[in-house]
Number of protein chains: 2
Amino acid sequence: MKDDPDSGKNQGKGLSRIQQRNRKLILDAALEVFASEGYRGATLDQIAAQAGLSKPNILYYFSGKEEIHVTLLNRLMETWLDPLRQVDPQGEPLEELLAYIHRKVRMSKQFPRESRLFANEVLQGAPRMKPHLKSGLKPLFDDTCALIQGWMDAGKLAACDPQHLIFSIWATTQHYADFDAQVKVLTGGKSAINGGEDYLDTLFRKLLTP
Amino acid sequence: MKDDPDSGKNQGKGLSRIQQRNRKLILDAALEVFASEGYRGATLDQIAAQAGLSKPNILYYFSGKEEIHVTLLNRLMETWLDPLRQVDPQGEPLEELLAYIHRKVRMSKQFPRESRLFANEVLQGAPRMKPHLKSGLKPLFDDTCALIQGWMDAGKLAACDPQHLIFSIWATTQHYADFDAQVKVLTGGKSAINGGEDYLDTLFRKLLTP
DNA sequence: TCGTGACTTTACCAAGTGGTCAAAAAAGAC
DNA sequence: GTCTTTTTTGACCACTTGGTAAAGTCACGA
């Protein structure tokens with residue numbers, strides 16, 4: 001009789017083994033498909049095939065396409081903000097920022113699908129993520145800009161616009177995940193991201209060294 | 001009897017006034033829709049509505065969704081390569097590259113939809129554009145890398161990896177078009193691209209000044 | 001082992017999709 | 001004006017899409 005996986009004796013986070021496994025399968029498949037096709041372009045059939053489950057079975061675990069997407073986006077937001085949160089106001093300014101850049105590069109390498117999911121969402125005008133951006137990212141962004149500005153005012157960093165600095169860090173680091181298809185064509189398929197890490201260190205070190 | 005717009009007394013490029021107007025309407029509408037929804041996400045109905053024409057009328061001018069997309073991509077490739085082609089091997093190295101960066105920034109401002117169309121295509125693995133990338137972009141990319149390497153070897157520019165240099169120029173300049181939704185949220189809707197132009201000039205000037 | 005609830009599948013919609021076709025309506029040419 | 005060609009439209013089609021209903025199968029505790 002119970003056909004809602006959230007009810008029964010396992011409530012809240014206490015999912016059965018099968019539920020844990022299948023929700024993971026579905027979200028992983030959906031990440032793949034949404035990241036490469038965008039929200040509208042992705043189909044439940046693709047996700048089902050990728051997950052190795054039937055379409056109605058997918059809809060047993062999630063109420064619909066939208067809910068899967070939203071779930072992915074919510075998870076993503078946390079993963080995405082994390083490297084920025086780790087910037088330590090007490091640390092050595094230049095090294096903190098360069099460490100942040102290295103974290104971002106490594107995230108691009110380790111989570112390219114997440115990066116592309118995010119890129120797809122923002123490209124389309126961030127219809128489902130704009131509230132998250134305003135409530136989650138914006139405050140952190142503002143704080144970090146103020147922190148960097150403080151460091152610059154104190155002469156610990158060369159002066160430049162903190163907002164554009166952060167934009168350029170995001171742009172350059174995520175480029176290796178988001179434009180991977182182009183990077184592969186132009187570099188002959190070698191994993192370019194390693195050379196990229198050194199290059200970006202030089203680029204931002206030269207910019208920021210007082 | 002003639003129902004092929006390419007036949008009749010107007011052949012080749014000699015399109016009637018109506019044909020010119022409507023093909024332009026359609027391509028402009030399609031650019032808008034493809035850029036924000038991706039290929040699969042875009043529908044002929046959306047394009048038709050955006051163009052102010054009926055769906056069968058769209059298919060009178062183009063044989064199908066695919067042909068519209070391919071036409072846009074072909075046009076795009078030319079627009080896209082142009083700023084890079086203008087780099088003058090005889091010019092002053094630093095100023096040539098900075099001028100290139102300024103052209104790219106201005107293109108992001110002037111043709112954001114084209115930038116997003118390109119981003120969408122590459123994000124999805126460049127399924128329709130990979131041949132173009134290999135035949136059109138790759139040779140130009142290689143030549144430019146060699147040119148820059150030559151400049152560096154001659155001591156006209158500080159040394160760095162030319163491939164990653166170009167990637168970082170593309171990433172930072174196109175970011176303002178592709179991630180506009182995010183940039184707007186974080187800067188409070190001000191047109192951030194103007195400040196971006198100055199910032200990027202500083203960034204790459206510091207990197208490349210010998 | 002058997003019953004109960006958790007899980008899965010088969011069969012099925014209704015709406016939306018890219019695309020066709022023949023007929024109607026405009027444009028031109030004379 | 002009238003005759004021909006170009007352009008536009010309304011009706012339609014086959015297929016895909018997100019989603020549902022109900023019947024089936026499985027796992028596990030009593």
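The basis for the numbers below is simple: all heavy atoms, side chains too, and nothing from hydrogens, waters or symmetry mates. Within every chain, numbering begins at 1; the chains are lettered A, B, ... in the order of the sequence lines, protein sequences first and strands thereafter. Remember, it's a predicted structure, so these values are computed and weren't measured experimentally.
Across all strands, B:Leu44 comes closer than 4.0 Å only to sugar-phosphate atoms, never to a base (heavy-atom distances). B:Ile18 comes within 4.0 angstrom of sugar-phosphate atoms only, judged by non-hydrogen atoms across all strands, and of no base. Backbone-only contact: A:Thr43 has heavy atoms under 4.0 Å from sugar-phosphate atoms and none from a base. Counting any heavy atom pair closer than 4.0 Å across all strands shown, B:Ala48 reaches no nucleic acid atom.
Side-chain polar atoms of A:His132 and A:Asn74 form a donor-acceptor pair below 3.5 angstrom.
With distances taken from any side-chain atom of B:Gln19 to the nucleotides C:dT8, D:dT20, D:dT7, the minimum falls on D:dT7. Taking every side-chain heavy atom of B:Tyr60 into account, D:dT7 is the closest of C:dT8, C:dT20, D:dT7. Of the candidates C:dT8, D:dG19, C:dC21, C:dC21 carries the atom nearest the B:Pro56 side chain, counting heavy atoms from C-beta on. Taking every side-chain heavy atom of A:Lys65 into account, D:dG18 is the closest of C:dT20, D:dT8, D:dG18. Counting only heavy atoms from C-beta on, A:Ser54 has its side chain closest to C:dT9 among C:dT9, C:dT20, D:dT7.
Geometric assessment of B:Lys104 against the ring of B:Tyr176 yields a negative cation-pi assignment under the 6.0 Å and 45° thresholds.
With hydrogens and angles left out, the side chain of B:Lys55 and the base of C:dG18 share a donor-acceptor pair within 3.5 Å.
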